[in-house]
Amino acid sequence: MTATPGASPTIVLVGHGMVGQRFLEALAERGLTATHRVVVLCEEPRPAYDRVQLTSYFSGRTPEDLSLTDLAFIEEHGIELRVGDPAESVDREARTVTARSGLVVDYDVLVLATGSYPFVPPVPNKDAEGCFVYRTIEDLLAIEEYARTSTTGAVVGGGLLGLEAAGALKGLGLTSHIVEFAPRLMPVQVDEGGGAALLRTIEEMGLSVHTGVGTQEILTDASGAVTGMRLSDGSELATDLVVFSAGVRPRDQLARACGLTVGERGGITVDEQCRTVTDPHVFAIGECALAADGRVYGLVAPGYEQAETAAATIAADEASFTGADLSTKLKLLGVDVASFGDAHGTAEDCLDVVYSDSRSGLYKKLVIGRDGTLLGGILVGDAEAYGTLKAFTGSVPPVSPESLVLPAGAGAPVQLGPSALPDDAIICSCNNVRKGTIREAVTEHRCTTVPEVKKCTKAGTTCGSCVKVLGQLINAELEASGVEVDKGLCACFSQTREELYEIVLALRVTSFRDLLDRHGREAARGGDGCEVCKPTVGSIIASLAPTIGASTHVLDGEQAALQDTNDHFLANLQKNGSYSVVPRIPGGEIAPEKLIVIGEIARDFGLYTKITGGQRIDMFGARVEQLPVIWARLVDAGFESGHAYGKSLRTVKSCVGQTWCRYGVQDSVRMAIDLELRYRGLRSPHKLKSAVSGCQRECAEAQSKDFGVIATAGGWNLYVGGNGGATPRHADLLGQDLSDAELIRLIDRFLMFYIRTADRLERTSVWLDRIPGGLDHVRDVVVHDSLGICDELEALMAAHVSHYRDEWAETLDDPEKLARFVSFVNAPDTPDPVVAFVPERDQMKPDLPLLNIGLRPADEILEGSATR
Amino acid sequence: MTLTLETTDLKVRLRLADDWFTVCDLSALLPGRGVAALLPDGRQAAVFADRTGRLYAIDNRDPFTGAAVLSRGLTGTHQGRPFVASPLLKQRFDLESGQCLDDETVRVTAYEVKAA
Ligand code: SRM
Ligand SMILES: Cc1cc2nc3c(=O)[nH]c(=O)nc-3n(C[C@H](O)[C@H](O)[C@H](O)COP(=O)(O)OP(=O)(O)OC[C@H]3O[C@@H](n4cnc5c(N)ncnc54)[C@H](O)[C@@H]3O)c2cc1C
Ligand code: SF4
Ligand code: FES
């Protein structure tokens, strides 16, 4: 652009939000960072982060996880990023920007990407202590802190963000209310029918909804803290905390102050190149801009397109932004709501196809043009087809519209694969990636997995709603190009784990060899299997043992050879070859006498002890030949195996509950103990964890467990599919206000269905997200018995429960099994010399240097082991 | 080297330099599972039998971690060749040659072994 000859021209970006960051990337891609000085004024105390995923902070994502800014990128491109230094004024005559720090920067091009601010209705006491907005990480930190001392929260505004905020408050343990002025929730996205279905789902999640009422006043106590609010119908709602989510307004103050034209209802007026209509040196992009089509876009995808447009224009390339799609999918866990295209059917002469079942909270509407073109739609309760339908918008789908909205089971449901989509269909609307680009990533850039394609095309990197379709497309493309997508378990079996389970159950196969020789891949028959299929089949046989007539002890006969090392020694292998010992402490409840026994054993064997994250005690540093002696004492004192080693039930954590806690509404400790004793020893595709909390405060963290139970006044709520660990997931509600018997029956079915259909090493969280139909399907199967297998599932569990024996007690009784617990087959009493310990704090730790040195002369180490 | 496992009075022997060193009774070996043996010079060997009764022995020390644990790994067949996977970080070692299948620069000693 207007570069002063000699000095390198300067681009100043005001606002380092999502769109600002994308703009910087677009500058770099076009080589503009090399020819220009780029200065960024960033108001927030941290560089750009993923605002769209803001709420995932509450499910464990840290601010660092949310960051969109790679500091290496900033450095590499010589970008001057000034964090925490907002622009205060612009002098368009002199072409300078003044920052809060006093810095004055000359610009050749100024780009405003200042985003929006949350609109707070002017009600009395709106600034009281306990009132918040929901826009930045700082807002969330403040809400989280305040919620610690609160029990109830209310959100003003029942739109997309309001629901997200209300879900977050509930996640923080607050009783949550939503107050919406319009007669239905998400009034912008859904119509009346969709609103009704949505209301049902939201209420089922335990949120209270008040529609058709406005907030008139925030009520406070003497100290000025929120105590409630008065609504327009005269009623009062008690609450400790209020979050305003009543819409956003463009942040155009800076622009106004320097005389740029803004729209009547705000927004910096720009043309199709995103240049302000007032000043050719100034651009505005993202939520602060009033686009050429007269709209201010509150979504990230149009902002990204504007960022690209502005960067292209600055590079003197042709580009224009003329408008964008407003498709959205709610990210709130457990609620499926999506709207896309012309959702309200505003086009002339269009027709609706509606499927509605308010009983199960389902509502699906498609808007179809006269010529059969799919124009848009609304999905509530089941947004499974969102990705595909959105991509078909604007074209005539290859099947009839009814078949697209009918639920599975009602008439022939059509699985409209993404392969039917035209190449120019937009798959990822956040990043504007077309199907053709994704296919090229596979065919030309040799990507074979979702993460690779994400990296190559940016598709799927923002809201994530397209990731599923992405996966389907990649597989379809790989298959089409002749790459066989082998779904087999390993090189020995072409079946999936689920298929092997069915074979073992139906044919009552009790031997791995039989299974391999009869059902394995041709080349693997007669062989020894591998480290993948052996433990997998070992686990399947163990889960089904009583039913198929296999031995119920994992170390019996051939089964012993299938077990991973931990199961083989009934203990957890540590880095120096020693083991840890974890006795079961059901529900975390333990009497002093037993604590003393553990203390004595640990002292006598010199073991390192630690309280685990699973509410029990781990003793580390046992040598393999010590395991039986240690266990003899433990079994004697009434302990049994804690299965810390197996892919099986770990712990059922508890909170003290009703017995002691002033808030508890049920006896959570007793229930935790009952559950732990019922499911102990149950071999499963991956480990299983559980917890029982005595009330909604959730001190036992049940919603992060594979199956978690929370006491209610009327019984128990069952949550499933939760996960801590690497990819945390909040559990979904499966059943409410269940009696003890109903709860146990539902868990029996759920666990057995999981064991039957999951992949190896697939936690319930991943399984729920993977299996076709997801939670709804699982609910159909285990609650409504849609497959007619519930009796069988219950019978399988009953067989497990009645055949349970403590693995360690049985091992101690069997000399043949015990004979394996030796250091050396030819010197059973000589300890492994590599297992040694050094003191640390008041205990000991593995002598790690010893592992590096080994015990042999140096020349022999090379020969004897590594040549690395 | 192929033997029937029912023969109980046979001994598993390892070749060390020129001598055959007796490790244990053949019956102490469970097909598909290893045992550790202490050698006279302080080294350790991991000894295995596969389902056909074939015997294998390699150094017991896992070169990736330093722990003497290869005897406790899971065995299997990879493209027709027998291997053991380290129980710690799961690298696989060819049981006949000691070659690591996941890192070509790493190899452990393989011993000649027989039952007699
Ligand atoms: C001992 C303990 C840490 C502690 O000192 O507190 C622990 C230790 C281990 N954890 Fe853990 N985890 C322990 C509680 C947890 C928890 C907390 C909980 O259970 O409430 C979690 C998060 C909750 C969850 O699983 O959802 C946890 C998430 C993991 C994960 C990640 C799982 C995931 O789905 O991402 C792994 C890796 C895996 O399983 O693949 C893991 C794996 C391991 C292993 C087994 C790693 C290994 O293979 O050597 C560690 C060995 C334990 C041992 O040798 O005894 N550990 N681990 C805790 C034992 C609890 C118990 O009493 O059994
Ligand atoms: C909880 C939540 C969920 C959302 N979910 C979705 C979703 O699912 N899909 C979707 O498409 N969109 C969603 N959005 C909207 C999306 O986040 C925005 O559309 C997007 O962030 C807009 O980007 P932006 O860069 O224009 O504005 P912002 O990301 O807001 O960035 C603007 C930045 O400019 C800074 N700034 C303002 N004034 C100045 C100044 N004078 N000097 C320096 N810096 C300044 C601000 O501090 C801010 O950091 C969500 C928003 C929120 C809050
Ligand atoms: S979850 Fe348990 S310990 Fe926590 S407040 Fe409720 S009853 Fe009390
Ligand atoms: S549609 Fe949002 S990331 Fe693809």
Side-chain angles (χ1 to χ4, degrees), chain A residues 490-492 512-513 516 523-524 526-535 538 557-558 560-566 568-569 573-578 624 816 819-820 822-827 830 832-835 846 848-857 860-861 863-868, chain B residues 12 21-25 28-39 41-45 47-48 50-52 58-90 92 98 100 103 105-109:
Chain A
C490 60
C492 311
F512 173 75
R513 281 188 199 174
L516 182 64
D528 278 78
C530 72
E531 80 283 14
V532 172
C533 58
K534 288 210 296 193
E558 185 208 33
L562 305 179
Q563 308 303 327
D564 250 323
T565 197
N566 285 354
H568 193 73
F569 290 97
L573 181 64
Q574 306 298 316
K575 60 204 298 181
N576 65 344
S578 66
V624 64
E816 198 200 315
R820 293 180 208 140
V822 294
S823 51
F824 299 107
V825 68
N826 58 342
T830 310
D832 176 356
V834 187
V835 176
L848 296 178
L850 184 62
L851 294 178
N852 298 331
I853 310 161
L855 283 179
R856 285 160 276 135
E860 284 182 1
I861 291 171
E863 187 211 321
S865 51
T867 46
R868 239 165 45 133
Chain B
V12 177
F21 175 71
T22 302
V23 171
C24 59
D25 290 345
L29 281 182
L30 186 71
R33 212 68 233 195
V35 297
L38 189 60
L39 306 184
D41 61 356
R43 291 197 232 190
Q44 301 183 23
V47 187
F48 303 88
D50 69 14
R51 65 184 274 193
T52 65
I58 60 173
D59 194 84
N60 192 30
R61 185 171 185 265
D62 172 12
F64 292 95
T65 59
V69 293
L70 290 186
S71 61
R72 302 182 214 159
L74 273 169
T75 63
T77 317
H78 175 67
Q79 295 174 348
R81 295 187 65 81
F83 72 86
V84 62
S86 165
L88 277 170
L89 302 178
K90 313 291 171 191
R92 294 163 305 161
C100 175
D103 185 340
T105 65
V106 179
R107 172 194 283 270
V108 298
T109 303

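In what follows, chains carry the letters A, B, and so on, assigned in the order in which the sequence lines appear, proteins first and then strands, with residues in each chain numbered from 1. These figures come from a predicted structure and were not determined experimentally.
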Atom group of A/V624 that falls short of 4.5 Å from chain B, counting heavy atoms
side chain
Are the side chain of B/R72 and the backbone of A/H568 linked by a donor-acceptor contact shorter than 3.5 Å?
no
Between B/A67 and A/G577, what is the shortest heavy-atom contact and its length?
CB-N, 4.0 Å
Kindly determine whether A/V834 and B/R61 satisfy side chain to side chain contact (heavy atoms under 4.5 Å, CB included), including the steps that lead there.
CA-CA 9 Å; A/V834 187; B/R61 185 171 185 265; 5.8 Å; no
Chain A contact via B/F21 - side chain, backbone, both or neither, heavy atoms under 4.5 Å
side chain
Tell me which of these, A/A561, A/C492, A/C490, has more heavy-atom pairs under 4.5 Å with chain B than the rest.
A/A561
B/A85 portion near chain A, given a 4.5 angstrom heavy-atom threshold:
side chain
Part of A/T830 lying under 4.5 Å from any heavy atom of chain B:
side chain
Is the backbone of B/G66 close enough, under 3.5 Å, to the side chain of A/K575 for a donor and an acceptor to pair up by distance?
no
Correct closest heavy-atom pair for B/A36 and A/S823 would be CB-O, 3.5 Å
Return the CG to CG distance between A/N826 and B/L39, rounded to the nearest 0.5 Å.
7.5 Å
Considering only heavy atoms from C-beta outward, does the side chain of B/V69 approach that of A/L573 to under 4.5 Å?
yes
Between A/A827, A/A523, A/G526, A/P535, the one whose heavy-atom pairs under 4.5 Å with chain B are most numerous:
A/G526
Below 4.5 Å, heavy atoms only, C-beta onward: do A/D564 and B/K90 meet side chain to side chain?
yes
With a 4.5 angstrom heavy-atom cut-off, could you sort out which part of B/A37 is near chain A: side chain, backbone, both or neither?
both
Side chain of A/D528, backbone of B/R51: donor and acceptor closer than 3.5 Å?
yes
Looking at every heavy atom in both A/P833 and B/Q44, which two are closest together, and how far apart are they?
CD-NE2, 3.7 Å
What option among A/C533, A/G529, A/C530 has the most heavy-atom pairs under 4.5 Å with chain B?
A/G529
Against chain B, work out which of A/A560, A/A524, A/A491 has the most heavy-atom pairs shorter than 4.5 Å and name it.
A/A560
Name the member of B/N60, B/V35, B/L30, B/L38 that forms the most heavy-atom pairs with chain A at distances under 4.5 Å.
B/L38
Measuring heavy-atom distances to chain B, does A/A819 have an atom under 4.5 Å in its side chain, in its backbone, in both, or in neither?
neither
